[in-house]
Amino acid sequence: MSARKYRPNAIDLQRLFDRMLSAYGPQHWWPAESDYEMIIGAILTQNTAWRNVETALTQLKSAHIWSWDEVFEAQIETLAEVVRPSGYFNQKARKIKLFSEFLDREFGRSTDDLFQLPIDNLRKVLLAQWGIGPETADDIILYAAKKPVFVIDKYTQRLTSRLGWEIKPANYEGHRASFESLLPHDAKMFGEYHALIDHHCNTTCQKTPKCAECPIVDICNTGAATISSPESATHPVA
DNA sequence: TACCAGGTGACTG
DNA sequence: CAGTCACATGGT
């Protein structure tokens, strides 16, 4: 008994944000003390649990690899051993090394001038770097450069699907275009929104959703179908 | 134990 | 555009 999907409007998106903020409170993202730490964390967390990233970040700090200069000077084999706990360590060592070389080559090993670029330009430049895909690029633009892009991830796409929202195309850019066209372009709010989605999907809307304890089950197709018996259904289904 | 976690690149229909 | 695979560690 699954409900038909419908195209969400601005009210739906604002309501989802308000309800998650009320339920969970501010999330204080991104947890980093510098642009350097934020960008390294964004690369290390690719398809990886954040706790493993924390271990790798701690080891980087202990190894005195805690600036673009120090990454640039480090051997890639050393980087790989240090970031090993975050998984995919050979690839990730290469990614952060290449990023330091990019900053050295084009921006004097600093993100200051890079972040002066307009959003579309900045995004294009970041995506041109090996190992920087759409989500990592948008993480950097939003949480380090502090410009208003809406970050999409696996969780966002799972959540919109369960809510019963029809987003087309159903890929990264389709989702980003929908959120950005229906919400005010506010970097603070975008940052909080993405963080709330992450928290909600980490704790409640997991691969197997915990609808019985979900604080926003009343606005969700999946929750309605899961916890409501046909007789007691309280959700009109489009 | 097998599955999963804040993706990306390379490659195939 | 959608699907598949390799990449790898640590927690449950």
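Order of the sequence lines fixes the chain letters, A, B, ..., with proteins taken first and strands second; residue numbering starts at 1 for each chain. Just so it is clear, the model here is predicted, and its values are computed rather than measured.
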- Message: Donor-acceptor check, side chain of A/T203 to backbone of A/H199, threshold 3.5 angstrom: yes or no?
- Response: yes
- Do A/F99 and A/W130 have ring centres separated by under 6.0 Å? no
- Given the options A/T111, A/L103, A/L44, A/I39 meets side chain to side chain contact (heavy atoms under 4.5 Å, CB included) only with A/T111
- Message: I need the CD1-P distance between A/I152 and B/dT8, as an integer number of Å.
- Response: 12 Å
- Task: Indicate whether any N or O donor in one side chain lies under 3.5 Å from an N or O acceptor in the other, for A/D18 and A/Q14.
- Result: yes
- Which residues in residues 40-54 of chain A have at least one heavy atom lying under 4.0 Å from any atom of DNA chain B? A/T45, A/Q46, A/N47, A/T48, A/A49, A/W50
- Query: Tell me: CD of A/Q157 to P of B/dG7, nearest whole Å?
  - Reply: 10 Å
- Item | side-chain contact (heavy atoms from CB on, under 4.5 Å) partners for A/P8, two or more places apart | A/D12, A/L13, A/W165, A/I167
- Message: Determine whether a donor-acceptor pair (N or O, by modelled atom type, separation under 3.5 Å) exists between the side chain of A/R158 and the backbone of A/C205.
- Response: yes
- Message: Base, sugar-phosphate or nothing for A/T136? Non-hydrogen atoms, less than 4.0 Å.
- Response: sugar-phosphate
- Message: Within residues 168-195 of chain A, which residues have any heavy atom lying less than 4.0 Å from an atom of DNA chain C?
- Response: A/N171
- Mind listing the residues from residues 120-134 of chain A sitting with a heavy atom below 4.0 Å of DNA chain B? Number order is fine. A/Q129, A/W130, A/G131, A/I132, A/G133, A/P134
- With A/S181 via side-chain contact (heavy atoms from CB on, under 4.5 Å) - residues at least two apart: none
- Message: If I take atom NZ in residue A/K207 and atom P in nucleotide C/dT12, what distance separates them, rounded to the nearest angstrom?
- Response: 19 Å
- Query: Taking all atoms of both residues into account, what is the closest heavy-atom pair of A/I152 and A/F179, and its distance?
  - Reply: CD1-CD1, 4.2 Å
- Item | Value in whole Å for how far the C1' atom of B/dG9 lies from CD of A/E135 | 15 Å
- Rounded to whole angstrom units, what separation is found between the NZ atom of A/K154 and the P atom of B/dG7? 5 Å
- Message: Can you pull out the residues from residues 79-96 of chain A that lie within a 4.0 Å heavy-atom distance of DNA chain C?
- Response: A/R84, A/P85, A/G87, A/Y88, A/F89, A/N90, A/Q91
